[in-house]
Amino acid sequence: MIKSMTAFARKQTQGDWGTAIIEIKTVNHRYLDINLRTPEAVRDLEMPLREAIRKQLQRGKVDFTLRYSQSSSTDLQLTLNEALLVQLINAADKVESYLPASTQYGAMDLLRWPGVIQANEGDLTVIQKHLLSLAGETLIELNNAREREGCALTELIQQRLTAIDAQVELVKPRIGEVMAQQRQKLQERISELEVSVDPERLEQELVLLAQRIDVSEELDRLITHTKEVQHVLNKGGTVGRRLDFLMQELNREANTLGSKSIDSAMTQASIEMKVLIEQMREQVQNIE
């Protein structure tokens, strides 16, 4: 299954322990880049959350936001970190001695300091279990969205592969026709000049010309590359980098086709191919 790196998912849950909302947004990136935003109260979840993300996603820039609010009716047992509180009071008193006119601090100011109020470890375990479960559900929803987007990208790429193959089929008959036209033009030019030409030398020049304008190999490689792209799409998985490489190869052959062309139809085909390849390349940038 092909997956896009662009997706969004949001899940919310609540219980006696409180309310939690998780939002995950992903965009294209060369590697897996995880940006976590979690409340201080559940900061211990960062490592398990990162591990859960790595199991589900291979590439992309990930913005993971967790919002958690404690229920007012909860039976959580809160513990006061008295040692830390004493340190804060002493520090605040010292600051006051330097700034007598400064605003007085209150009890709530001290209680808001991270770590002064701590939940019972058993209560935290229950909360973390719910939050990790919610994270897992959100990641599943995100992956489903990435797969749906991946299917749409696959269809767009396949349409352009078909269009490239069609251009190749248009060019193939032109190779012999262009060579015949060049032979005729050369012979007409010789007749106009009314000069005698060694037939053997003429044939040698025509052979050299044929070699310079022959694009059979380029056309064959274009077909080979489009088949390989289709094979990679059918295989699925983390194939974005492989597809990006194939886009470069397709573009190289299309450029060579254009540089060798001495025929307007072949030149136009080369331009059309490059447009199609660029359209595919833009889509491939979003594939995991």
Side-chain angles (χ1 to χ4, degrees), residues 1-13 19-40 42-69 128 130-161 163-164 225-226 228-252 274-288:
M1 177 70 71
I2 295 294
K3 295 181 183 178
S4 169
M5 286 189 284
T6 303
F8 175 81
R10 184 182 189 273
K11 298 283 284 186
Q12 178 176 345
T13 188
T19 301
I21 300 173
I22 291 180
E23 293 181 350
I24 310 176
K25 180 180 72 173
T26 61
V27 295
N28 60 317
H29 194 275
R30 189 174 182 182
Y31 304 107
L32 181 62
D33 181 17
I34 303 173
N35 179 32
L36 285 180
R37 288 187 289 272
T38 59
E40 182 66 32
V42 291
R43 192 57 55 84
D44 290 345
L45 279 179
E46 285 202 359
M47 289 305 295
L49 288 173
R50 287 183 181 276
E51 185 62 26
I53 293 171
R54 290 191 187 98
K55 287 181 179 179
Q56 293 290 334
L57 310 177
Q58 304 300 316
R59 291 179 65 205
K61 179 176 175 57
V62 183
D63 287 322
F64 183 105
T65 302
L66 166 62
R67 299 184 183 92
Y68 163 68
S69 59
Q128 290 178 356
H130 286 290
L131 295 180
L132 286 174
S133 176
L134 181 63
E137 294 173 6
T138 312
L139 284 167
I140 290 174
E141 184 173 304
L142 180 79
N143 253 337
N144 290 337
R146 284 161 67 101
E147 288 179 357
R148 289 193 299 272
E149 180 70 13
C151 288
L153 293 177
T154 299
E155 184 176 347
L156 291 173
I157 293 171
Q158 288 174 332
Q159 290 172 359
R160 284 150 181 80
L161 291 174
I164 290 174
H225 293 328
T226 58
E228 180 61 18
V229 172
Q230 184 62 63
H231 171 73
V232 172
L233 290 173
N234 293 337
K235 181 180 178 182
T238 308
V239 296
R241 293 181 186 173
R242 174 65 177 167
L243 289 172
D244 188 56
F245 169 76
L246 288 170
M247 293 304 110
Q248 296 176 35
E249 294 301 302
L250 281 166
N251 194 59
R252 180 180 292 112
K274 286 191 283 187
V275 170
L276 293 167
I277 293 165
E278 178 60 22
Q279 290 173 350
M280 287 195 295
R281 191 193 65 80
E282 291 176 358
Q283 303 299 340
V284 164
Q285 297 303 310
N286 289 318
I287 292 179
E288 185 178 60

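Excluded from the calculations below are hydrogen atoms, water molecules and symmetry mates; all remaining heavy atoms, backbone and side chain alike, are included.
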#### Entry: Separation of Leu57 CG from Leu142 CG (nearest 0.5 Å)
6.0 Å

#### Entry: With sequence neighbours excluded, residues passing side-chain contact (heavy atoms from CB on, under 4.5 Å) with Arg67
Ile21, Glu23, Thr65

### Message
Tell me every residue that passes ring pair (Phe, Tyr, Trp, His ring centres under 6.0 Å) with His29, counting only those two or more places apart in sequence or in another chain.
### Response
none

## Note on the structure
Residues passing the salt bridge (charged side-chain N to carboxylate O under 4.0 Å, His left out) test with Arg37, sequence neighbours excluded, are none

### Task
Could I get the full list of side-chain contact (heavy atoms from CB on, under 4.5 Å) partners for Ala145, not counting sequence neighbours?
Ala7, Arg148

### Query
Do the non-hydrogen side-chain atoms of Asn234 and Val232 ever get within less than 4.5 Å of each other?
no

### Query
Can you name the side-chain hydrogen bond (donor to acceptor under 3.5 Å, both in side chains) partners of Arg160, sequence neighbours left out?
Gln279

### Reported CG-to-CD distance for the pair Leu243 and Glu288, which is rounded to 0.5 angstrom
12.0 Å

#### Entry: side chain to side chain contact (heavy atoms under 4.5 Å, CB included) assessment of Gln128 paired with Asp44
CA-CA 9 Å; Gln128 290 178 356; Asp44 290 345; 3.8 Å; yes

### Query
Does CD in Gln12 sit with more than 12 non-hydrogen atoms of other residues, nucleotides or ligands closer than 6.0 Å?
yes

### Task
Mind checking salt bridge (charged side-chain N to carboxylate O under 4.0 Å, His left out) for Arg281 and listing every partner two or more places apart, or none if nothing turns up?
Glu278

### Donor + acceptor pair across side chains of Arg146, Thr26 (<3.5 Å)
yes

### Query
Taking C-beta and beyond as the side chain, do Phe64 and Leu49 meet within less than 4.5 Å on heavy atoms?
yes

### Query
Just how far is it from atom OG1 of Thr13 to atom CD1 of Ile22, taken to the nearest 0.5 Å?
9.5 Å

### Message
Given 3.5 Å as the limit, does a donor-acceptor pair link the side chain of Asn251 with the main chain of Met247, or not?
### Response
no

### Residues in side-chain hydrogen bond (donor to acceptor under 3.5 Å, both in side chains) contact with Thr154, at least two apart in sequence or another chain
none

### Query
Between Ile157 and Ile287, does a side chain to side chain contact (heavy atoms under 4.5 Å, CB included) hold up when you go through it step by step?
CA-CA 11 Å; Ile157 293 171; Ile287 292 179; 3.7 Å; yes

### Query
Could you give the distance from NZ (Lys61) to CG (Asp33), rounded to the nearest 0.5 Å?
4.5 Å

### Message
Is the shortest side-chain heavy-atom distance between Ile2 and Cys151 below 4.5 Å?
### Response
no

### Message
Going by the rule side-chain contact (heavy atoms from CB on, under 4.5 Å), which residues pair with Pro48 if we only count those two or more places apart in sequence or in a different chain?
### Response
Leu132

### CG on Leu246 to NE2 on His231, rounded to 0.5 Å
10.5 Å

### Task
For Arg242, enumerate each residue passing the salt bridge (charged side-chain N to carboxylate O under 4.0 Å, His left out) test, keeping only those at least two apart in sequence or located in another chain.
Glu228

#### Entry: Residue Arg30 excluded, over 12 heavy atoms near CZ under 6.0 Å
no

### Smallest separation among heavy atoms of Leu131 and Ala20, with atom names
CD2-CB, 3.3 Å

### Query
Of the options Ile164, Leu250, Leu161, which is the one that meets His225 in a side chain to side chain contact (heavy atoms under 4.5 Å, CB included)?
Leu250

### Close side-chain approach of Leu32 and Val62, heavy atoms under 4.5 Å
yes

### Summary
Those residues at least two apart in sequence (or on a different chain) that pass side-chain contact (heavy atoms from CB on, under 4.5 Å) with Asn286 are Ser4, Thr6, Asn28, Leu153

#### Entry: Spatial distance of atom CG (Leu36) from atom CG (Leu45) [nearest 0.5 Å]
10.0 Å

### Query
Excluding sequence neighbours, so at least two apart, what forms salt bridge (charged side-chain N to carboxylate O under 4.0 Å, His left out) with Glu137?
none

### Query
Does a sphere of radius 6.0 Å around NZ in Lys274 hold more than 12 heavy atoms from other residues, nucleotides or ligands, not counting ones at 6.0 Å or beyond?
yes

### Task
Could you name each residue pair satisfying side chain to side chain donor-acceptor pair (under 3.5 Å) that touches residues 47-59, not counting sequence neighbours?
Gln56-Asn143

